[in-house]
Amino acid sequence: MNAKTPKTAISPTRAENYSEWYQKIVRASDFAELSGVRGCQILKAWGYGVWEQMQRDLDRRFKETGHENYYFPIYIPLSYFQREAEHVDGFAKEMAIVTHHRLTKNAEGKLVPDGELEEPLVIRPTSETIIGEAMSKWIQSYRDLPLLLNQWANVSRWEMRPRILLRTAEFLWQEGHTAHETHDEAMAETKKMLDVYAEFVQDYMAVPVIKGEKIAAERFPGAVTTLCIEAMMQDGRALQAGTSHYLGHSFAKSCNIQFQSRTGTLEFAHTTSWGMSTRLLGALVMTHGDDNGMKVPPRLAPYQLVIVPILRDDSPKDEIMAYCEQLKADLLCETLDGNPLRVKLDGRDIPSTDKRWDWIKKGAPLVLEIGAKDIANHKVCFTRRDKMEDGKNFEDRATFIGNAGAILTDIQHALYNAALAFRTQRLVTNIKDWAAFESYFSKDADNSFTGGQGFVRAKWCGDDASLAKLEPLGVTVRCIPFDQDGQEGTCVLTGQPATQEVIFARAY
RNA sequence: CGGGGCGUAGCGCAGUCUGGUAGCGCGUCUGGUUUGGGACCAGAAGGCCCCGAGUUCGAAUCUCGGCGCCCCGACCA
């Protein structure tokens with residue numbers, strides 16, 4: 001392999017087959033792999049490590065906004081779901097149900113379920129019902145409000161169409177659940193947590209998002225208002241990166257969450273819920289991945305710098321390793337955002353070049369190569385994962401160490417800016433009528449990476465019946481962005497007068 | 001739930017049509033030569049060929065029946 005025969009680490013490339021590229025990069029980056037269990041994945045060390053970083057920062061934000069962590073059962077009695085009609089309609093088709101509690105051997109010696117449960121238990125697809133049940137006991141008075149809690153958990157939805165990281169039968173997430181005295185307070189909470197999400201996704205994941213509200217047809221089952229952040233993937237499709245719901249009295253009524261108000265009357269609480277999941281790892285891959293693998297934003301990288309010792313048989317191995325250890329120790333004293341840098345010295349007994357590509361594919365922000373020459377010259381050789389085209393950089397050891405945090409900050413921003421530039425280029429605002437709309441989403445539908453489709457921002461009259469026109473195109477209304485120009489215009493679907501702008505896109 | 005595909009070495013696959021001692025590439029292990037953009041040579045280890053029942057002297061291969069997983073759509077985070 002040399003420079004004359006360029007080759008990508010991931011094959012096929014995005015342009016050749018985006019969907020297959022996605023499967024390959026998820027595996028090659030060591031984010032996740034299929035488990036052999038239908039629709040279920042194994043999160044691997046590097047991908048799970050990114051999730052741990054995400055958890056750490058989100059958890060900090062939740063606590064800063066007054067929430068506390070709880071843990072509720074994974075099993076939810078079936079009857080709990082029956083209380084909220086709309087909610088059950090939305091989830092009924094995709095739940096795993098436990099009906100037995102024992103295994104016995106049958107005549108052929110095969111293990112079969114035995115001991116049928118009186119009442120089936122649903123493996124939680126989301127916990128509104130069971131948390132609502134607990135809240136109804138905990139809340140008696142307005143003095144018990146607001147109740148602000150969060151849960152880190154696994155949930156299960158028996159999806160018809162699994163897709164690694166993006167839609168699996170079991171996934172990890174956090175779900176916030178709160179109860180409030182008034183509509184305004186609950187609505188403020190709903191918005192606040194959406195802001196928390198948006199800030200996190202943009203600042204930490206380096207993924208630009210559009211904040212908005214879901215139209216009625218796209219709302220969470222049981223919600224009065226669903227707010228969301230939508231991100232654009234590299235094939236132009238939208239991915240819902242987080243949702244925050246104002247649930248009104250839906251669950252308060254079905255779970256009987258009532259309190260005595262300041263004036264002594266009995267009132268229903270206003271509840272909210274909001275969640276983010278390991279699906280965001282998929283968003284990260286489809287936002288920052290390229291044909292050589294992943295690029296993990298420094299703030300989320302389990303290791304921000306990886307030191308690869310360059311060892312040859314004639315190298316003074318002990319000396320090089322000792323030098324690398326010292327370099328690592330010095331780097332650990334440096335910081336990013338006030339936190340110590342995360343540094344890995346890759347001491348595996350495999351060829352140095354393999355190590356290098358391994359970390360390129362995983363997307364470590366900075367890969368350092370240290371050999372005898374560098375030691376002699378007091379240099380550090382490093383590659384920026386976001387600027388592979390720059391090749392290897394050589395910097396004085398002391399200078400590099402002093403700059404490491406700044407370089408990582410620069411990478412963090414560069415990744416965000418690249419993603420924002422991509423989205424800007426594919427966010428179309430000049431489509432005003434159905435003919436242009438239809439033509440835009442019809443072109444080159446087989447290869448959305450090169451096809452160039454993305455988001456269409458246009459006026460919509462709000463008539464649900466008009467959405468039927470979108471079905472053949474596979475397009476949906478992603479959200480009603482918060483920032484509206486308020487100008488009169490015409491609906492891109494019907495030609496009727498419309499002032500509200502929405503985002504149209506294909507979605508994951 | 002429709003449509004398609006696949007179950008053979010750790011991974012990716014050929015072999016199945018036309019039954020006859022289980023193959024290839026990568027990876028792994030040994031030894032040597034190499035080495036800063038993904039090395040090469042030689043040798044070696046590694047298999048209930050998804051499961052069950054048939055047909056047959058003989059089944060990875062043919063017949064019937066199961067099971068599992070993946071991909072593409074509709075539903076959804």
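Remember, it's a predicted structure, so these values are computed and weren't measured experimentally.
- Distance CD1 (A:Ile320) to C1' (B:rG36): 11 Å, rounded to an integer number of Å.
- Taking atom C1' on both nucleotides, B:rU55 is separated from B:rU63 by 7 Å, rounded to a whole Å.
- Shown here, B:rG23 forms a base pair with B:rC13; the pair counts as Watson-Crick or G-U wobble because both key distances fall under 3.5 Å.
- A:Ser466 and A:Trp460 share a side-chain donor-acceptor pair at under 3.5 Å.
- For A:Gln23, no side-chain nitrogen or oxygen approaches OP1 or OP2 of B:rC70 to under 4.0 Å.
- Between A:Cys228 and A:Thr243, the shortest heavy-atom contact is CB-CG2, 4.1 Å.
- Comment: A:Asp290 does not engage A:Arg14 in a salt bridge, judged by the lack of any side-chain N to carboxylate O separation of less than 4.0 angstrom.
- Out of B:rC69, B:rC1, B:rC76, the shortest distance to the side chain of A:Arg157 is found at B:rC76.
- Using cut-offs of 30° and 60° for the angle between ring planes, the A:Trp173 and A:Phe171 rings count as perpendicular.
- In this structure, A:Thr226 reaches neither bases nor backbone, as no heavy-atom distance under 4.0 Å exists between it and the strands shown.
- As rounded to the nearest Å, B:rC24 and B:rA14 have C1' atoms that lie 7 Å from one another.
- The residue A:Gln240 sits close only to the backbone: its heavy atoms come under 4.0 Å of sugar-phosphate atoms, none of a base.
- Within the shown strands, B:rU30 is the pairing partner of B:rA42 under the Watson-Crick or G-U definition, both distances less than 3.5 Å.
- Atom name C1', nucleotides B:rC40 and B:rC49: the rounded distance is 33 Å, in whole Å.
- Nucleotides B:rG3 and B:rA74, compared at atom C1', are 12 Å apart to the nearest Å.
- In this structure, B:rC48 forms no base pair with any nucleotide, since neither Watson-Crick nor G-U wobble geometry is met with both distances under 3.5 Å.
- Of the possible donor and acceptor atoms, none in the side chain of A:Ser244 sits under 3.5 Å from a partner among the backbone N and O of A:Trp274.
- B:rG23 sits 14 Å from B:rG46 when the C1' atoms are compared, rounded to a whole Å.
- The distance between atom OH of A:Tyr508 and atom P of B:rC76, rounded to the nearest whole Å, is 18 Å.
- In this structure, the CZ atom of A:Arg167 is 11 Å from the P atom of B:rG73, given to the nearest Å.
- Nucleic acid contact for A:Ser19: sugar-phosphate only, since backbone atoms but no base atoms lie under 4.0 Å from a heavy atom of the residue.
- Atom name P, nucleotides B:rG19 and B:rA60: the rounded distance is 13 Å, in whole Å.
- If you take atom P in B:rC62 and the same atom in B:rG5, they sit 16 Å apart, rounded to whole Å.
- When each of A:Phe437, A:Phe455, A:Phe441 is tested with A:Phe504 by the rule ring-ring contact (aromatic ring centres under 6.0 Å, His included), just one qualifies, namely A:Phe437.
- You'll find that the side chain of A:Met160 is closest to B:rC75, out of B:rG36, B:rC75, B:rG37.
- Across all strands shown, B:rC6 forms a Watson-Crick or G-U wobble pair, both distances under 3.5 Å, with B:rG68.
- Comparing A:Ile164 and A:Ile370 by the nucleotide of RNA chain B that holds the closest heavy atom to each, the one mapping nearer the 5' end is A:Ile370.
- As judged by a 4.0 angstrom heavy-atom cut-off over every strand, A:Thr353 is placed among residues touching the sugar-phosphate backbone only.
- Straight-line distance from the NZ atom of A:Lys373 to the C1' atom of B:rU35: 11 Å, rounded to whole Å.
- In this structure, A:Gly36 reaches the sugar-phosphate backbone alone: every heavy-atom distance under 4.0 Å involves primed, P, OP1 or OP2 atoms, never a base.
- Within the nucleic acid shown, A:Lys361 comes within 4.0 Å of at least one base atom, counting heavy atoms only.
- Across the protein-nucleic acid pair, A:Arg219 atom CZ and B:rC76 atom C1' stand 17 Å apart, rounded to whole Å.
- Atom pair A:Leu34:CG and B:rC70:P shows a separation of 6 Å (rounding to whole Å applied).
- Regarding A:Asp349, its CG atom lies at a distance of 18 Å from the P atom of B:rU35, rounded to whole Å.
- Here A:Ala372 lies in heavy-atom contact (under 4.0 Å) with a base.
- One finds a salt bridge joining A:Glu230 and A:Lys214 here, because a Lys/Arg side-chain nitrogen approaches an Asp/Glu carboxylate oxygen to under 4.0 Å.
- Annotation: of the two residues near RNA chain B, A:Ser277 and A:Asp354, the 5′-most nearest-nucleotide partner is A:Asp354.
- Nucleotides B:rG58 and B:rC1 have their C1' atoms positioned 43 Å apart, rounded to a whole Å.
- Phosphate contact (OP1/OP2 of B:rC72, side-chain N/O of A:Arg163, threshold under 4.0 Å): present.
- A:Gly39 comes within 4.0 angstrom of sugar-phosphate atoms only, judged by non-hydrogen atoms across all strands, and of no base.
- A:Lys295 has no carboxylate O lying under 4.0 Å from a charged side-chain N of A:Asp386, or vice versa, which leaves the two without a salt bridge.
- Within 4.0 Å (heavy atoms only), A:Glu20 reaches no atom of the nucleic acid at all.
- Of the listed nucleotides (B:rC76, B:rC70, B:rC71), B:rC71 has the atom at the smallest distance from the side chain of A:Arg161.
- Note on A:Asp374: a base of the nucleic acid sits closer than 4.0 angstrom, heavy atoms only.
- Within the 4.0 Å cut-off from OP1 or OP2 of B:rG37, not a single side-chain nitrogen or oxygen of A:Arg356 is found.
- The nearest whole Å value for the distance from the CD1 atom in A:Ile350 to the C1' atom in B:rU35 is 14 Å.
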